[in-house]
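Report on one structure; see the data block that follows.
Everything numeric here is computed off the predicted structure, so don't read it as measured data.
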Amino acid sequence: MKRFVWFGMIVLIVALVAAQCGETAQPASEAPAEEEAPAAEQPAEEEAPAAEEAASEGGQYQIPAVEEDKYNVAFVYVGPHDDGGWSQAHDVGRLYVEENVDNVHTAYVETVAEGADAEQVIRSLARKGFDVIFTTSFGFMDASEIVADEFPDVDIIHISGFKSNEDNFGNLMGAMEDIKYLAGMLAGSRAKVDGNPTLGYIATFPIPEELRLGNAFALGVQETCPECSVDVRWIFTWHDPILEKEAAASLFDSGAQVVMTGADTPAPAEAAPEGKWGITYDYRDNCKLDSCLTSMYWNWGPVYAEIVEKSREGTWVGGWEYFDADSGGLGLYGFMEGEEPQPGAQDLPEEDLALIRDTLDQMLKGEFDRFDVFSGPIKDNQGNMVLEEGEQLEQIDLDGFSQFGSPCETCMYWWNENITAELPELE
């Protein structure tokens, strides 16, 4: 797994992001039902004190218990564990850890709000005795940092942020730009076959991650459909089924043949009129409809298992971990081993399918990575040369806006030449 130092992006980014895939919902649950004792076996007089104890430790959230003589691993989710998107992908990863790492107990707390609630939950898990805590939303970053400083013997790994104390607190993210690049190839091929060169992108927040992933998609589109263009809709949320479906419908109504999303639900596939297509995100099993062209999904399990093993051995050190497709942590639905292409991908030109498969194979072998995705020549939609032939972006450019204080040189505040949208305003 490669490690790259993410240079400082100031706290303004945090203000832009509500929470990864997030809505405040109901109090969280403990890990799988099968791990809990049946309610009928618990005497009534013992239930109330247990509930009161959990509430006092975690506020409105029920804090799960550790298991003695096991290595205890907790996960904090911003949405329901079965949301069909971001949080469910992490929960599948949790189950993988439990099933594949010896003598480990896992648990989760779900639908955790940002700010004080997140800090209280993470601190309560540390007090309970959890050895490792994964916090899976951008908006949990500061709370994770605070609790890590208070509990130096607990390893806390934050997903998608940029902070680390280079000891027991670090961040973790993967190069989903690899998979969005492949999805762009697939979308461009589909649009070309259908005779409609317009595509759409549902974007969440104006942060480097969203421009990076949108540009990667657009670069992939360019490979198979040079005449295609990409329109953008901003929704300013990670998880809002109604808003996501409205944005998808707006793009389809504006002429898009294929709509890709950066948000959480299968809205593009659900909103696609007959003869048009959606590309879903985050969770492998949310590409159920025939109108779903593919899903760009996370496979967190192997990555989590490696970190848990290192933590137990005492060799894990918090840093900046950023994995590519060769880690096994990323997937393109219909093209991974054991998967069948969706109906919309089956009749595409063989040369396009071969390009997608060959590029994916190179990615899985570690021969093609995110820096190859962002390799020149690249022009922006204002006619400026972003990268000359043979040049590549660096990690700091992929992660940064100079407007947010990053020392990046090229930075990510640009749209590829085939994107018709204006750049988002930065506050």
Side-chain angles (χ1 to χ4, degrees), residues 84-85 89 175-202 213-214 216-231 244 248 251-252 255-299 325 328-365 368 373 418:
M176 185 51 75
E177 51 266 36
D178 294 352
I179 306 304
K180 297 224 172 182
Y181 177 68
L182 296 174
M185 291 183 185
L186 188 61
S189 180
R190 183 72 260 173
K192 182 174 61 178
V193 167
D194 292 343
N196 178 3
T198 302
L199 299 99
Y201 169 37
I202 302 173
L213 297 182
F217 177 76
L219 286 165
V221 167
Q222 214 165 16
E223 291 289 338
T224 55
C225 185
E227 67 273 22
C228 280
S229 62
V230 182
D231 195 6
E244 291 172 53
L251 285 164
F252 284 123
Q257 185 66 19
V258 183
V259 173
M260 181 271 288
T261 184
D264 200 27
T265 74
E270 293 171 351
E274 185 174 357
K276 294 192 175 186
W277 316 90
I279 296 177
T280 59
Y281 186 30
D282 286 331
Y283 178 51
R284 178 186 180 276
D285 292 338
N286 65 12
C287 193
K288 296 292 190 183
L289 301 175
D290 286 352
S291 56
C292 179
L293 194 58
T294 188
S295 181
M296 311 156 296
Y297 65 87
W298 297 93
N299 182 27
L330 306 167
L332 181 71
Y333 187 73
F335 292 84
M336 310 305 289
E337 185 176 357
E339 297 175 355
E340 290 293 327
Q342 286 288 97
Q346 292 176 5
D347 64 343
L348 296 180
E350 187 52 43
E351 67 226 45
D352 291 346
L353 294 174
L355 176 63
I356 294 166
R357 292 191 181 105
D358 289 348
T359 307
L360 174 60
D361 184 60
Q362 291 178 57
M363 289 179 175
L364 296 175
K365 291 177 179 176
F368 189 105
V373 171
N418 59 348

Can you name the closest pair of heavy atoms from [X] and [Y] and give their distance?
X	Y	result
Ile279	Ala187	CD1-CB, 4.0 Å
Cys225	Gly188	CB-O, 3.4 Å
Ser295	Cys287	CB-CB, 3.9 Å
Cys228	Val221	CB-CG1, 3.6 Å

Pairwise distance [atom1]([X]) to [atom2]([Y]) - rounded to 0.5 angstrom:
X	Y	atom1	atom2	result
Thr198	Phe252	OG1	CZ	12.0 Å
Leu186	Thr294	CG	OG1	6.0 Å
Lys276	Leu199	NZ	CG	10.5 Å
Leu213	Asp178	CG	CG	10.0 Å
Thr261	Asp282	OG1	CG	8.5 Å
Thr359	Tyr181	OG1	OH	6.0 Å

Between the main-chain N or O of [Y] and the side-chain N or O of [X], is there a donor-acceptor pair closer than 3.5 Å?
X	Y	value
Gln257	Asn196	no
Arg190	Leu293	no
Ser189	Met185	no

| task | Could you tell me whether the side chains of Gln222 and Asn418 share a donor-acceptor contact shorter than 3.5 Å? | result |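 Side-chain D/A pair, Gln222 to Asn418: absent.
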| query | Taking atom types as modelled and ignoring hydrogens, do the side chains of Thr224 and Asp352 form a donor-acceptor contact shorter than 3.5 angstrom? | reply |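 The criterion, which ignores hydrogens and geometry beyond distance, is not satisfied for Asp352 and Thr224.
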| Taking only residues two or more places apart in sequence, or in another chain, which ones meet Glu227 in a salt bridge (Lys or Arg N to Asp or Glu O under 4.0 Å)? |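 Salt bridge (Lys or Arg N to Asp or Glu O under 4.0 Å) check on Glu227 returns nothing, list empty.
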| task | Evaluate side-chain contact (heavy atoms from CB on, under 4.5 Å) for Phe368 paired with Val373, printing each intermediate quantity in order. | result | CA-CA 8 Å; Phe368 189 105; Val373 171; 3.8 Å; yes
Which donor-acceptor pairs under 3.5 Å do the side chains of residues 330-343 make with protein atoms, sequence neighbours left out?
| unit_1 | atom_1 | unit_2 | atom_2 | d |
| --- | --- | --- | --- | --- |
| Glu339 | OE1 | Gly334 | N | 2.8 |
| Glu339 | OE1 | Met336 | N | 3.3 |
| Glu339 | OE2 | Arg284 | NE | 3.0 |
| Glu339 | OE2 | Tyr297 | OH | 2.7 |
| Gln342 | NE2 | Leu289 | O | 3.0 |
| Gln342 | NE2 | Cys292 | O | 3.1 |

| Glu270 and Lys288 ion-paired at < 4.0 Å |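 Salt bridge absent between Glu270 and Lys288.
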| query | Between Tyr281 and Trp298, what is the ring plane arrangement, given parallel below 30°, perpendicular above 60°, and tilted in between? | reply |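 It falls in the tilted class, 30° to 60°.
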